[in-house]
Every structure is written in C-alpha cells, then in structure tokens.
Asker: 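Here's a structure for you.
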Amino acid sequence: MNIEKADFEDLAHLIEVQHLAYRSQAELLCDFSIDPLLETLDALEAAFPQHIILKAVAPDGALIGSVRGRCDGETCYVGRLFVHPAYRGRGLGARLLTAIETACPKGRYELFTSSKSIGNIRLYERMGYRRFQESEMLDAGYRLVYLEKKSPADRSGHM
C-alpha cells in the first residue's frame, strides 16, 4: 500500500470512502449527524487548499484511506483519519498518522475523537499522543477527547 498526497481529482472518491468508513463510528455513537458523514464534496473541495490531504492506495489502485492536516503556527491539526472497513487491522491508520506528521513537520500535533472510540484512543496513545482535554457533546451521550503529541524538540522547550 502506498501513501501519497491526494490530488483535487481524488476528492470525489475520497468523500465516498470517508462516508463508508465513518459509518461504523456513527453506529458506535448512535449519531448519524457526525461531521465526517455530513461533509459534502463541495465542502471538501473548499477545504482542500487549506489542508494537506494524504491518501492510502491499495496495489490495485483503490483508494482505501486518508488523513488530513491543517497547519497553524507550530501546531498541525490532524483530522479525518480513516481506513476503508475492508482494510482495517493492518496498521494502515498508524502509517497514515506517521505520514501526516512527516508531511507537516511541526512542534505539536493535535486531534480529537469520541470517548467511545476506545480503539482510536488506543492507537493515538500508542503513537505518542496524550490526552489533554475533554468536552461534553450536549445531548449526544459522549465526550470528545482531545489528544496532543509534541515533537522531541518541543518537549525540551527548544525548537
């Protein structure tokens, strides 16, 4: 499997796989109004210039995963990390996370997930992310867990 930068022409297929991949998250949360499921192709196209979007491609050319990064100052905000359900459990999520950190070298990385997404939290913590904040989702029955990872230089206080 290869991980490479997504092109504008990839976005229509990327949004299809995103909707498929986030369906399991929506089922877990009993909430089908989560942003990744509601995002439209138009919205993704509008967001494209402000993000680094990487795609994972299977040997047969199929798009099977993606991750986005948006850089602001010394922080890279990581989002929309997903893997096609048929390709889960093969380490692709970890590879995508490492790839976005490499593509967007910053002193700090931040992401969030649902408190019910135990597997996601376990992956992020295994990759060096630490929880730093939680917030209630009103009437949703779950919290958002925010995690961060600091580069070794940032941990020592020197950049």
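Bear in mind that the values here come from a model prediction, so they are computed numbers and not experimental data. Every heavy atom of this structure was used, including side-chain atoms; hydrogens, water molecules and symmetry mates were not.
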Asker: Check whether any side-chain heavy atom of L147 sits under 4.5 Å from a side-chain heavy atom of V145, and report yes or no.
Answerer: yes
Asker: SG to SG, are C71 and C104 under 2.5 angstrom apart?
Answerer: yes
Asker: Taking L41 as the starting point, is it possible to reach I53 by hopping between hydrophobic residues whose side chains are less than 4.5 Å apart?
Answerer: yes
Asker: Kindly give the heavy-atom pair with the smallest separation between M127 and K149, and that separation in Å.
Answerer: O-NZ, 2.9 Å
Asker: Should K106 and T75 count as side-chain neighbours, where that means a heavy-atom distance under 4.5 Å?
Answerer: no
Asker: State, without any angle test, whether S66 and Q18 hold a side-chain donor-acceptor pair at a distance under 3.5 Å.
Answerer: no
Asker: Specify the closest pair of heavy atoms between I121 and T113, including all atoms of both residues, with the distance to one decimal.
Answerer: CG1-CG2, 3.5 Å
Asker: Hey, does Y129 have a side-chain heavy atom less than 4.5 Å from the side chain of E110?
Answerer: no
Asker: Got Q133 and F112 here, is their nearest side-chain heavy-atom distance under 4.5 Å?
Answerer: no
Asker: Measure from NZ or CZ of R95 to the centre of the six-membered ring of Y87 and say whether it is under 6.0 Å with the direction within 45° of the ring axis.
Answerer: no
Asker: Of the non-hydrogen atoms in S33 and L38, which two are nearest, and what is the gap between them?
Answerer: O-CD1, 3.2 Å
Asker: Would a 4.5 Å heavy-atom cut-off, applied to side chains only, mark V17 and I64 as touching?
Answerer: no
Asker: I want to check something: taking the side chain as every heavy atom from C-beta on, are I3 and T98 in contact at a cut-off of under 4.5 Å?
Answerer: no
Asker: Let me check something: do I118 and L144 share a hydrophobic cluster, defined by ILVMFWY side-chain heavy atoms less than 4.5 Å apart, either directly or through other members?
Answerer: no
Asker: For the residue pair L96 and A56, what are the closest heavy atoms and their distance?
Answerer: CD2-CB, 4.2 Å
Asker: Please list, chain by chain and in numerical order, all residues satisfying ring-ring contact (aromatic ring centres under 6.0 Å, His included) with Y77, sequence neighbours excluded.
Answerer: none
Asker: Quick check for you: to the nearest 0.5 Å, what is the distance between E39 atom CD and L44 atom CG?
Answerer: 5.0 Å
Asker: Can you find a pair of side-chain heavy atoms, one from R80 and one from Y22, that are under 4.5 Å apart?
Answerer: yes
Asker: Do R130 and E125 have side chains that get closer than 4.5 Å, going by heavy atoms?
Answerer: yes
Asker: I'd like to know if the side chain of D60 and the backbone of A62 have a donor-acceptor N/O pair within less than 3.5 Å.
Answerer: yes
Asker: Give me the atom names and distance for the closest heavy-atom approach of H19 to P36.
Answerer: CD2-O, 3.1 Å
Asker: Which pairs with one or both residues in residues 33-76 pass ring-ring contact (aromatic ring centres under 6.0 Å, His included), sequence neighbours excluded?
Answerer: F8-F48
